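Structure first, commentary second.
Numbering of residues begins at 1 and proceeds along the displayed sequence. What you see is a predicted model, and the numbers here were worked out from it, not measured in a lab.
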Amino acid sequence: MNIMTETRAVVDPITLQVIRGSFETIAEEMGHVLYRMSFSSIIRESQDLGAGLFDTDYNTLCESESTPMHIGSIPGYLRGIEETLEDGEWFEGDVVVHNHPYHGASHTPDLAIVVPVFYEGRLVGFAGNTAHHVDIGAATPGLIIDVPDVFAEGMLLAGVKLYRKGESNTTMWNFIRNNSRAAQQLVSDIEAQVASARLGAKRFVELIEKYGEDIVFGAADQLMAYSERMTRQRISEIPDGEYEAEGWLDDDGRNRDQRLKVKVTVRVTGDEVEVDLTGSADQTPTAYNVPFEGSTKVAAYAAFRKLLLDTATSDMRVPSNEGSFRPIKVTAPLGSIFNPRFPASAEARFTQCNRMIDLVIRALAPVMPDRVIAGSSASISFAAYSGVRPSGDYWVFLEVNEGAYGGRPRSDGPDSIDNLMANTRNNPLEDLAMHIPMICDRYELRDDMPPGAGEFRGGIGVVKSQRVLTPAFITHESERHTEAPWGIFGGQEGAGGKCLIYNADMPGDVREMHSKFSGLEVKAGDVMSYYSPNGGGFGNPLKRPELKVLEDVLDGFCSVEHARDAYGVVIDLERETVDMGATNALREQMRSAG
């Protein structure tokens with residue numbers, strides 16, 4: 001056990017809580033400025049971003065409540081910037097941009113903007129943010145999957161100063177502007193990041209001026225120690241031991257006949273835990289790899305914050321800072337899918353992280369039955385639509401589609417919602433039609449397959465059909481077409497995802513697509529219809545109240561036949577009632593049959 005106890009000052013409880021509130025407010029204000037000033041919908045609407053303050057040892061002091069993939073990632077960027085920083089040192093007025101996945105970045109489209117914080121002429125910390133950008137000049141517009149190496153991912157920016165001592169680096173700005181298909185959006189969004197980071201630095205200095213450097217950093221140390229102490233306390237409640245789970249990813253986006261293994265071993269020793277990914281697949285020849293520092297480790301941190309420090313199930317709120325990361329060790333062999341060797345590409349890394357978290361939950365289910373959930377969609381549908389306008393300019397649109405959670409110990413899995421590592425919002429359809437030549441033909445709960453049956457059923461995924469109005473290109477990153485979300489404690493598995501391409505004028509001519517594909521050329525009127533996985537069930541379906549099963553049938557979530565076969569509930573659809581006599585007899589028969 002190694003909780004940080006050395007502090008600059010012992011801060012009284014009231015002042016400590018005031019400073020804690022100030023840290024959190026600053027991070028949230030940074031996030032608000034970033035998404036409200038941005039132009040691209042992936043930041044402005046989906047809020048695929050993170051922001052916060054950091055000390056000179058790169059400890060996270062606070063971060064905005066944004067997408068979990070950004071929580072805990074910026075310290076990796078800061079360490080990478082230290083390795084690559086232009087001029088080799090920080091000056092007041094500097095602004096650095098960084099996205100190199102082999103120097104700490106989460107993946108290349110997530111650009112970080114970092115501003116140093118100076119107080120009385122001394123460097124005392126950093127304000128920084130990350131955001132996912134529409135296009136950074138990669139091999140295919142918006143997203144990439146089937147490319148040979150990291151150099152095909154677009155612009156690699158390592159420790160580059162956009163401003164040096166307050167002076168704009170116009171050469172660098174011009175380089176960025178001339179190497180993106182969506183140049184104006186990219187530049188405008190970076191400018192929003194700069195404004196956000198500068199505001200964070202300003203607020204940090206104002207906080208120090210108000211309370212004094214010793215008090216502010218003393219409070220920061222105490223808050224990190226508190227988060228660490230609470231995390232260790234929760235870990236110590238898990239019985240010591242090794243817990244394993246494994247699953248399979250569909251393919252790497254090129255080699256369609258080769259599924260990729262994900263193996264998770266969770267080792268609990270006292271108040272510390274290790275997530276060991278040894279046994280997972282070797283790195284792939286495509287972009288379907290995961291940067292270790294910026295993504296693999298961050299996914300493990302997120303997994304245990306969900307399991308141990310969920311605000312809905314905890315009696316007290318634990319600050320999101322460096323302390324909650326310290327008791328967690330992450331291991332992945334170099335050369336594996338979760339720790340690739342340079343120069344392997346590693347842009348399409350999200351679904352692997354989601355499956356890792358899904359398997360951490362599955363591994364710990366036997367010893368944490370009241371905290372885990374059944375299998376979630378544990379994927380992501382990240383689609384890039386693009387085309388060329390008559391003017392010759394590109395239009396590019398990035399979309400994150402919803403999935404579904406698995407059933408929970410006390411309630412059904414939530415329907416049609418980002419899950420596990422994702423926390424992005426959907427794009428208003430009106431916004432889509434106003435800015436790009438696309439129309440949404442269908443957007444609703446999935447109705448072709450039922451969710452996993454259980455005492456608490458799995459969540460229902462989304463079906464979304466997007467029609468392009470001009471010739472276009474589509475790249476799609478998704479997962480879980482071949483392995484459905486798992487059921488638990490007697491619950492049944494959910495349903496795998498699928499993706500269809502057809503033309504609106506010829507809906508019978510349907511192509512079923514792989515879960516991921518790159519640069520597919522489509523014509524005007526073509527539709528991509530995505531069905532996200534349905535969650536697995538939690539608990540014995542025969543324990544589900546009959547009226548809840550009836551409600552699901554009446555709502556169209558499952559059929560009369562599924563109600564009978566999975567739940568043992570006999571429904572009179574004409575009268576909209578349950579035949580209790582027939583139901584009791586059938587359920588008794590099913591229990592006896594085992």
Side chain of Gln258, backbone of Arg254: donor and acceptor closer than 3.5 Å?
-> no

Apply side-chain contact (heavy atoms from CB on, under 4.5 Å) to the pair Lys263 and Leu277, showing each step before the final yes or no.
-> CA-CA 6 Å; Lys263 182 177 180 180; Leu277 296 156; over 6 Å; no

Is a side-chain donor-acceptor pair under 3.5 Å present for Thr351 with Glu479?
-> no

Donor on one side chain, acceptor on other, Asp110 and His132, under 3.5 Å = yes

For side-chain contact (heavy atoms from CB on, under 4.5 Å), just list the numbers for Ser41 and Phe397, CA-CA rounded to whole Å, side-chain angles, deciding distance to a tenth of an Å, and then say yes or no.
-> CA-CA 8 Å; Ser41 61; Phe397 173 63; 3.5 Å; yes

With sequence neighbours excluded, tell me which residues meet ring-ring contact (aromatic ring centres under 6.0 Å, His included) with His514.
-> none

Does Val330 reach the side chain of Phe292, with side-chain heavy atoms less than 4.5 Å apart?
-> yes

List the steps, then state whether salt bridge (charged side-chain N to carboxylate O under 4.0 Å, His left out) holds for Glu293 with Lys297.
-> CA-CA 6 Å; Glu293 287 293 329; Lys297 291 171 69 173; 3.2 Å; yes

Heavy-atom side-chain contact between Tyr102 and Val150 under 4.5 Å | yes

Pairing residues for Tyr531 by the ring-ring contact (aromatic ring centres under 6.0 Å, His included) criterion, not counting sequence neighbours | none

Minimum heavy-atom separation for Ala112 to Thr130, with atom names?
-> CB-CG2, 3.6 Å

How long is the gap from CE on Met421 to OG on Ser376, to the nearest 0.5 Å?
-> 13.5 Å

Could you check if a side-chain atom of Leu143 sits within less than 4.5 angstrom of a side-chain atom of His476, using non-hydrogen atoms only?
-> no

Shortest non-hydrogen contact between Gly294 and Val298, atoms and distance = O-CG2, 3.4 Å

Sort and list the pairs that fulfil salt bridge (charged side-chain N to carboxylate O under 4.0 Å, His left out) and have at least one residue in residues 392-408, not counting sequence neighbours.
-> Glu399-Lys464

Full working for salt bridge (charged side-chain N to carboxylate O under 4.0 Å, His left out) between Asp358 and Arg480 | CA-CA 12 Å; Asp358 185 59; Arg480 211 150 206 170; 3.2 Å; yes

Non-neighbouring partners of Phe39 that pass side-chain contact (heavy atoms from CB on, under 4.5 Å), sequence neighbours left out | Ser188, Asp189

List in chain and number order the residues that pass ring-ring contact (aromatic ring centres under 6.0 Å, His included) with Phe456, two or more places apart in sequence or in another chain; answer none if no residue qualifies.
-> none

Report yes if the side chains of Leu78 and Val114 come closer than 4.5 Å at any heavy-atom pair, otherwise no.
-> yes

Please name all residues satisfying salt bridge (charged side-chain N to carboxylate O under 4.0 Å, His left out) with Glu561, sequence neighbours left out, ordered by chain then number.
-> none

Could you please spell out the steps behind the side-chain contact (heavy atoms from CB on, under 4.5 Å) verdict for Tyr502 and Ser465?
-> CA-CA 10 Å; Tyr502 56 90; Ser465 302; 3.9 Å; yes

How about Tyr394 and Ser180: does a side-chain donor come under 3.5 Å of a side-chain acceptor?
-> no

For Ala138 and Ile144 the tightest heavy-atom approach is CB-CG2, 3.3 Å

Salt bridge (charged side-chain N to carboxylate O under 4.0 Å, His left out) with Arg362: which residues, sequence neighbours excluded?
-> none

Using a strict cut-off of less than 4.0 Å between a Lys/Arg side-chain nitrogen and an Asp/Glu carboxylate oxygen, indicate whether Asp447 and Arg442 qualify as a salt bridge.
-> yes

Residues that Ser416 engages under side chain to side chain donor-acceptor pair (under 3.5 Å), provided they are two or more places apart = none

Validation row: Arg181, Thr140 side chains within 4.5 angstrom (heavy atoms) = no

Salt bridge (charged side-chain N to carboxylate O under 4.0 Å, His left out) partners for Glu246, two or more places apart | Lys261

For Asp418, the side chain to side chain donor-acceptor pair (under 3.5 Å) test, sequence neighbours excluded, returns Thr424

Test side-chain hydrogen bond (donor to acceptor under 3.5 Å, both in side chains) applied to Asn419 and Ser377, step by step = CA-CA 7 Å; Asn419 67 100; Ser377 57; 2.6 Å; yes

So do Leu260 and Ile337 actually touch side chain to side chain, heavy atoms under 4.5 Å?
-> yes

Stacked cation flag Lys498 on Tyr530, 6.0 angstrom / 45 deg | no

Side-chain donor-acceptor pair present, Asn354, Ser379, cut-off under 3.5 Å | no

On the 0 to 90° scale, with breaks at 30° and 60°, tag the Tyr35-His32 ring pair as parallel, tilted or perpendicular.
-> tilted

Residue pair Asp252 / Thr284, side-chain donor-acceptor N/O under 3.5 Å = no

Is any side-chain heavy atom of Pro451 less than 4.5 Å from a side-chain heavy atom of Arg457?
-> yes

Please walk me through it: do Ser38 and Arg44 pass side-chain hydrogen bond (donor to acceptor under 3.5 Å, both in side chains)?
-> CA-CA 5 Å; Ser38 294; Arg44 185 187 72 246; over 6 Å; no

Step-by-step salt bridge (charged side-chain N to carboxylate O under 4.0 Å, His left out) determination, Asp251 to Lys516 | CA-CA 8 Å; Asp251 58 55; Lys516 53 192 80 69; 3.6 Å; yes

Heavy atoms of Cys558 and Pro450 approach each other most closely as CB-CB, 4.2 Å

Residues that Phe338 engages under ring-ring contact (aromatic ring centres under 6.0 Å, His included), provided they are two or more places apart = none

Are the side chain of Asn99 and the backbone N or O of Leu111 linked by a donor-acceptor pair below 3.5 Å?
-> no

Any idea which heavy atoms bring Thr475 and Gly519 closest together, and the distance?
-> OG1-N, 2.9 Å

Pairs flagged by salt bridge (charged side-chain N to carboxylate O under 4.0 Å, His left out) wherever residues 483-497 is involved - sequence neighbours left out | Arg355-Glu483

Decide whether Ser345 and Glu153 meet the rule of one side-chain donor and one side-chain acceptor closer than 3.5 Å.
-> yes

Is the closest side-chain donor-acceptor distance between His133 and Gln193 under 3.5 Å?
-> yes

Classify the side-chain pair Thr286/Asp146 by whether it contains a donor and acceptor separated by less than 3.5 Å.
-> no

Could you please spell out the steps behind the side-chain contact (heavy atoms from CB on, under 4.5 Å) verdict for Trp395 and Tyr385?
-> CA-CA 8 Å; Trp395 60 267; Tyr385 301 88; 3.9 Å; yes

Note, Phe517 side chain near Ile145 side chain (heavy atom, < 4.5 Å) | no

Do Asp276 and Thr278 get their side chains close enough for a donor-acceptor pair, meaning under 3.5 Å?
-> yes

